[in-house]
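The block underneath contains the structure these notes are about, expressed in C-alpha coordinates.
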Amino acid sequence: MRCLFWKKKEKRYENPLIREDATRAELNKWKTSEFVVERIVPFAGYVPYPLDELMLMVEAVCIVNPSLIFEWGTHIGKSAWIFHETCRCFHVNAEIYSIDLPDSVEHAEHPHEERGRMVRGLKGVTLHQGDGVTTALSLLSQENRRGGRALFFLDGDHAYQSVRRELEAILTTTCWRGILVHDTFFQTEEAQYNIGPYQAVRDIFCDKNDVVVHSTAMGLPGMTLILPKDG
(Lines give C-alpha, C1' and ligand atoms only; values in the text may rest on other atoms or scores of the structure.)
Protein backbone atom coordinates (compact mmCIF):
# COMPACT_ATOMS: atom_id res chain seq x y z
CA MET A 1 0.00 0.00 0.00
CA ARG A 2 1.32 3.44 -0.90
CA CYS A 3 1.97 5.78 1.99
CA LEU A 4 -0.52 8.64 1.98
CA PHE A 5 1.54 10.82 4.32
CA TRP A 6 4.17 13.28 3.18
CA LYS A 7 6.09 16.12 4.70
CA LYS A 8 4.41 19.47 4.20
CA LYS A 9 6.45 21.63 1.87
CA GLU A 10 7.88 24.65 3.66
CA LYS A 11 6.89 28.05 2.35
CA ARG A 12 9.58 29.81 0.33
CA TYR A 13 10.30 33.43 1.19
CA GLU A 14 11.62 35.89 -1.37
CA ASN A 15 14.65 37.94 -0.30
CA PRO A 16 13.41 41.51 0.42
CA LEU A 17 16.61 43.20 -0.78
CA ILE A 18 16.03 45.62 -3.69
CA ARG A 19 19.24 47.65 -3.71
CA GLU A 20 22.65 46.39 -2.54
CA ASP A 21 24.08 49.90 -2.31
CA ALA A 22 24.69 50.46 1.41
CA THR A 23 24.54 54.24 0.99
CA ARG A 24 20.85 53.89 0.23
CA ALA A 25 19.73 50.51 1.47
CA GLU A 26 16.34 49.64 0.02
CA LEU A 27 14.24 46.63 0.92
CA ASN A 28 10.70 45.50 0.30
CA LYS A 29 9.29 45.94 3.80
CA TRP A 30 6.11 44.02 2.98
CA LYS A 31 8.25 40.95 2.34
CA THR A 32 10.26 41.54 5.50
CA SER A 33 7.04 42.00 7.48
CA GLU A 34 5.56 38.79 6.10
CA PHE A 35 8.64 36.80 7.08
CA VAL A 36 8.89 38.30 10.56
CA VAL A 37 5.19 37.79 11.34
CA GLU A 38 4.99 34.25 9.95
CA ARG A 39 8.39 32.80 10.85
CA ILE A 40 9.97 34.81 13.65
CA VAL A 41 7.26 36.09 15.99
CA PRO A 42 5.50 32.72 16.56
CA PHE A 43 8.73 31.27 17.99
CA ALA A 44 10.70 34.27 19.27
CA GLY A 45 7.92 36.67 20.24
CA TYR A 46 8.58 40.40 20.26
CA VAL A 47 10.49 40.70 23.57
CA PRO A 48 13.24 41.88 23.86
CA TYR A 49 13.13 42.78 20.15
CA PRO A 50 9.99 44.68 19.01
CA LEU A 51 8.78 44.26 15.45
CA ASP A 52 10.84 47.10 13.96
CA GLU A 53 13.99 45.66 15.53
CA LEU A 54 13.22 42.16 14.30
CA MET A 55 12.84 43.63 10.82
CA LEU A 56 16.19 45.43 11.11
CA MET A 57 17.92 42.21 12.21
CA VAL A 58 16.48 40.33 9.23
CA GLU A 59 17.27 43.17 6.84
CA ALA A 60 20.85 43.40 8.12
CA VAL A 61 21.41 39.77 7.17
CA CYS A 62 19.89 40.34 3.72
CA ILE A 63 21.96 43.48 3.09
CA VAL A 64 25.29 42.21 4.42
CA ASN A 65 24.98 38.62 3.16
CA PRO A 66 27.50 37.56 5.81
CA SER A 67 29.57 34.41 5.89
CA LEU A 68 30.20 34.98 9.60
CA ILE A 69 27.92 36.31 12.34
CA PHE A 70 29.40 37.13 15.75
CA GLU A 71 27.09 38.09 18.58
CA TRP A 72 27.48 38.46 22.31
CA GLY A 73 24.88 38.46 25.01
CA THR A 74 23.60 34.98 24.10
CA HIS A 75 21.20 34.58 27.03
CA ILE A 76 18.75 31.82 25.97
CA GLY A 77 19.81 32.12 22.34
CA LYS A 78 16.91 34.14 20.93
CA SER A 79 18.97 36.48 18.74
CA ALA A 80 21.14 33.60 17.52
CA TRP A 81 17.97 31.71 16.57
CA ILE A 82 16.62 34.75 14.70
CA PHE A 83 19.85 35.00 12.71
CA HIS A 84 19.87 31.25 12.06
CA GLU A 85 16.27 31.18 10.82
CA THR A 86 16.84 34.21 8.62
CA CYS A 87 19.95 32.69 7.07
CA ARG A 88 18.18 29.37 6.55
CA CYS A 89 15.09 30.83 4.87
CA PHE A 90 16.98 33.28 2.66
CA HIS A 91 19.80 30.87 1.79
CA VAL A 92 22.57 32.88 3.43
CA ASN A 93 25.49 30.57 4.14
CA ALA A 94 26.73 32.00 7.44
CA GLU A 95 28.37 30.46 10.48
CA ILE A 96 26.98 31.93 13.71
CA TYR A 97 29.14 32.32 16.82
CA SER A 98 27.26 33.32 19.96
CA ILE A 99 29.25 34.40 23.01
CA ASP A 100 28.20 34.87 26.62
CA LEU A 101 29.83 35.34 29.99
CA PRO A 102 31.76 32.46 31.59
CA ASP A 103 29.87 30.50 34.22
CA SER A 104 32.22 31.85 36.88
CA VAL A 105 31.08 35.45 36.30
CA GLU A 106 28.10 36.69 38.27
CA HIS A 107 25.71 39.01 36.43
CA ALA A 108 22.03 39.83 36.87
CA GLU A 109 21.25 38.60 33.34
CA HIS A 110 23.53 35.55 33.30
CA PRO A 111 21.37 32.67 32.04
CA HIS A 112 23.58 29.89 33.53
CA GLU A 113 22.07 26.49 32.61
CA GLU A 114 19.59 28.21 30.26
CA ARG A 115 22.41 29.67 28.15
CA GLY A 116 21.71 29.15 24.46
CA ARG A 117 18.92 26.62 24.95
CA MET A 118 17.05 27.84 21.81
CA VAL A 119 19.98 27.04 19.52
CA ARG A 120 21.62 24.03 21.11
CA GLY A 121 22.33 21.46 18.45
CA LEU A 122 21.46 23.73 15.52
CA LYS A 123 23.79 23.26 12.58
CA GLY A 124 25.90 26.33 11.94
CA VAL A 125 25.51 27.80 15.45
CA THR A 126 28.38 27.53 17.93
CA LEU A 127 28.21 28.68 21.55
CA HIS A 128 31.23 30.21 23.25
CA GLN A 129 32.00 31.81 26.61
CA GLY A 130 34.32 34.72 27.29
CA ASP A 131 34.63 38.43 26.62
CA GLY A 132 32.48 39.14 23.57
CA VAL A 133 34.67 41.16 21.23
CA THR A 134 37.91 39.50 22.34
CA THR A 135 36.51 36.02 21.65
CA ALA A 136 34.94 37.13 18.36
CA LEU A 137 38.14 38.65 16.99
CA SER A 138 40.14 35.63 18.14
CA LEU A 139 37.78 33.36 16.20
CA LEU A 140 37.90 35.72 13.23
CA SER A 141 41.71 35.63 13.15
CA GLN A 142 41.78 31.88 12.56
CA GLU A 143 42.87 30.88 9.07
CA ASN A 144 39.57 29.42 7.88
CA ARG A 145 37.66 32.61 8.78
CA ARG A 146 39.99 35.27 7.39
CA GLY A 147 38.54 37.21 4.52
CA GLY A 148 34.95 36.42 5.47
CA ARG A 149 32.11 38.92 5.47
CA ALA A 150 31.36 39.53 9.14
CA LEU A 151 28.19 40.85 10.77
CA PHE A 152 28.48 41.74 14.47
CA PHE A 153 25.65 42.05 17.00
CA LEU A 154 26.45 43.83 20.27
CA ASP A 155 24.06 43.06 23.11
CA GLY A 156 26.32 42.44 26.09
CA ASP A 157 27.51 44.96 28.66
CA HIS A 158 25.79 48.27 27.89
CA ALA A 159 28.24 50.56 29.70
CA TYR A 160 29.63 53.34 27.52
CA GLN A 161 33.27 52.32 27.82
CA SER A 162 32.45 48.67 27.10
CA VAL A 163 30.44 49.41 23.95
CA ARG A 164 33.01 51.94 22.72
CA ARG A 165 35.82 49.43 23.23
CA GLU A 166 33.87 46.80 21.30
CA LEU A 167 33.10 49.13 18.39
CA GLU A 168 36.67 50.39 18.13
CA ALA A 169 37.99 46.82 18.16
CA ILE A 170 35.62 45.75 15.38
CA LEU A 171 36.65 48.70 13.22
CA THR A 172 40.25 47.47 13.25
CA THR A 173 39.31 44.46 11.13
CA THR A 174 38.72 44.72 7.40
CA CYS A 175 36.25 41.81 7.58
CA TRP A 176 33.38 43.75 9.11
CA ARG A 177 30.46 44.48 6.79
CA GLY A 178 27.81 45.36 9.33
CA ILE A 179 27.40 46.14 13.04
CA LEU A 180 24.11 45.90 14.92
CA VAL A 181 23.95 47.52 18.36
CA HIS A 182 21.03 46.92 20.70
CA ASP A 183 19.52 49.35 23.26
CA THR A 184 20.44 52.50 21.32
CA PHE A 185 17.30 54.55 21.84
CA PHE A 186 18.22 58.07 22.98
CA GLN A 187 17.27 58.92 26.54
CA THR A 188 18.18 61.80 28.79
CA GLU A 189 21.22 61.16 30.92
CA GLU A 190 19.00 61.55 33.96
CA ALA A 191 17.32 58.26 32.99
CA GLN A 192 20.55 56.38 33.67
CA TYR A 193 19.24 53.32 31.84
CA ASN A 194 21.29 51.84 28.99
CA ILE A 195 22.50 55.22 27.75
CA GLY A 196 25.95 53.81 26.97
CA PRO A 197 25.17 52.23 23.56
CA TYR A 198 23.61 55.42 22.18
CA GLN A 199 26.50 57.57 23.40
CA ALA A 200 29.16 55.21 22.06
CA VAL A 201 27.58 55.00 18.59
CA ARG A 202 27.16 58.79 18.52
CA ASP A 203 30.72 59.54 19.58
CA ILE A 204 32.39 57.10 17.19
CA PHE A 205 30.28 57.51 14.06
CA CYS A 206 28.86 61.06 14.10
CA ASP A 207 31.78 62.51 12.10
CA LYS A 208 32.57 59.48 9.94
CA ASN A 209 31.87 59.88 6.24
CA ASP A 210 32.66 56.29 5.29
CA VAL A 211 29.71 54.66 7.06
CA VAL A 212 25.92 54.74 6.90
CA VAL A 213 23.90 54.54 10.13
CA HIS A 214 20.30 53.28 10.26
CA SER A 215 18.33 53.29 13.54
CA THR A 216 14.90 52.40 14.83
CA ALA A 217 13.32 55.22 16.79
CA MET A 218 10.31 56.33 18.84
CA GLY A 219 10.95 54.22 21.91
CA LEU A 220 12.86 51.61 23.88
CA PRO A 221 14.94 49.57 23.49
CA GLY A 222 16.20 50.75 20.08
CA MET A 223 18.59 49.21 17.58
CA THR A 224 21.22 50.67 15.24
CA LEU A 225 22.79 49.22 12.11
CA ILE A 226 26.13 50.55 10.88
CA LEU A 227 27.24 49.74 7.33
CA PRO A 228 30.44 50.70 5.49
CA LYS A 229 29.76 52.81 2.40
CA ASP A 230 32.02 50.65 0.28
CA GLY A 231 29.97 47.57 1.17
Side-chain angles (χ1 to χ4, degrees), residues 6-18 20 25-100 109 111 114-129 132 136 139-140 145 148-156 176-184 214 216 221-227:
W6 62 89
K7 185 177 180 180
K8 183 179 179 180
K9 188 175 182 181
E10 186 176 69
K11 180 176 179 177
R12 293 179 63 87
Y13 290 93
E14 187 177 346
N15 194 305
L17 184 64
I18 296 173
E20 296 185 32
E26 184 178 350
L27 298 105
N28 185 320
K29 293 174 68 175
W30 288 287
K31 292 179 181 177
T32 309
S33 299
E34 178 186 33
F35 174 73
V36 167
V37 169
E38 292 184 355
R39 290 300 308 167
I40 302 299
V41 172
F43 298 95
Y46 47 83
V47 178
Y49 312 114
L51 294 176
D52 58 343
E53 296 179 19
L54 291 173
M55 289 179 66
L56 189 60
M57 294 170 78
V58 171
E59 290 163 353
V61 172
C62 293
I63 293 170
V64 174
N65 189 27
S67 57
L68 303 163
I69 298 177
F70 298 99
E71 59 145 48
W72 44 95
T74 305
H75 204 253
I76 64 171
K78 186 170 288 190
S79 56
W81 182 87
I82 292 166
F83 289 131
H84 174 269
E85 188 67 5
T86 302
C87 289
R88 188 182 71 81
C89 289
F90 292 127
H91 307 288
V92 176
N93 187 21
E95 291 291 324
I96 301 167
Y97 301 91
S98 186
I99 307 158
D100 213 328
E109 296 187 21
E114 288 285 283
R115 180 177 63 90
R117 65 171 170 80
M118 287 185 69
V119 291
R120 289 175 193 163
L122 283 184
K123 184 179 180 181
V125 181
T126 308
L127 299 174
H128 296 267
Q129 289 181 282
L139 291 166
L140 186 58
R145 300 186 187 95
R149 295 176 59 86
L151 173 64
F152 294 85
F153 180 48
L154 285 60
D155 196 15
W176 83 274
R177 292 295 181 273
I179 306 170
L180 279 165
V181 187
H182 198 219
D183 292 286
T184 56
H214 303 276
T216 63
M223 187 177 290
T224 297
L225 171 64
I226 302 107
L227 300 169

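In what follows, residues are counted from 1 in the order of the sequence shown.
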*Within the side chain of E71, is there an N or O that forms a donor-acceptor pair under 3.5 Å with the backbone of A80?*
yes
*Indicate the atoms forming the closest heavy-atom contact of K31 with P16, along with that distance.*
CB-CB, 4.0 Å
*Shortest non-hydrogen contact from L180 to M223?*
CD2-SD, 3.9 Å
*asked:* Just to verify, what does K78 make a salt bridge (Lys or Arg N to Asp or Glu O under 4.0 Å) with, not counting sequence neighbours?
replied: none
*From R177 atom CZ to I226 atom CD1, the distance as rounded to the nearest 0.5 Å*: 15.0 Å
_pair H128-F70: side-chain heavy atoms closer than 4.5 Å_ = no
*Atom CG of D183 and atom CG of L154: how far apart are they, to the nearest 0.5 Å?*
11.0 Å
*List the atom of A60, the atom of L225, and the distance in Å for their closest heavy-atom pair.*
CB-CD1, 3.9 Å
*Rounded to the nearest 0.5 Å, what's the gap from CZ on F152 to CD1 on I69? Could you check?*
11.0 Å
Contacts table for residues 86-94: side-chain donor-acceptor under 3.5 angstrom, sequence neighbours left out:
residue	atom	partner	partner atom	Å
T86	OG1	I82	O	2.8
R88	NE	E85	OE1	3.3
R88	NH1	E10	OE1	3.0
R88	NH1	E10	OE2	3.3
R88	NH2	E10	OE2	2.9
R88	NH2	E85	OE2	2.8

*Could you give the distance from CH2 (W30) to CD (E14), rounded to the nearest 0.5 Å?*
13.5 Å
*Does the side chain of F153 come within less than 4.5 Å of H182's, by heavy atoms?*
yes
*Could you check if a side-chain atom of I18 sits within less than 4.5 angstrom of a side-chain atom of L27, using non-hydrogen atoms only?*
no
*Under the side chain to side chain contact (heavy atoms under 4.5 Å, CB included) rule, collect the residues that match up with M55, sequence neighbours excluded.*
K29, T32, S33, V36, E59
*How many angstroms lie between atom SG of C62 and atom CZ of F35, to the nearest 0.5 angstrom?*
8.0 Å
*Give the minimum heavy-atom separation between W176 and L227, together with the two atoms involved.*
CH2-C, 4.0 Å
*Is the backbone N or O of L127 less than 3.5 Å from a side-chain atom of S98, with the two atoms forming a donor-acceptor pair by type?*
no
*Would you mind reporting whether D155 and Y49 have side-chain heavy atoms less than 4.5 Å apart?*
yes
_Side chain to side chain, L122 and W81, heavy atoms closer than 4.5 Å_ = yes
*Rounded to the nearest 0.5 Å, how far does CD of E95 lie from CG of L68?*
8.0 Å
_Side chain proximity check, Q129 to R115, heavy atoms < 4.5 angstrom_ = yes
*Measure from the side-chain N and O atoms of D100 to the backbone N and O of T74, and report whether any donor-acceptor pair falls under 3.5 Å.*
yes
*asked:* Could you report the tightest heavy-atom contact between G222 and T216, atom names first, then the distance?
replied: CA-OG1, 3.5 Å
*Counting only N and O atoms by type, is there a donor-acceptor contact under 3.5 Å from the side chain of E114 to the main-chain atoms of H75?*
no
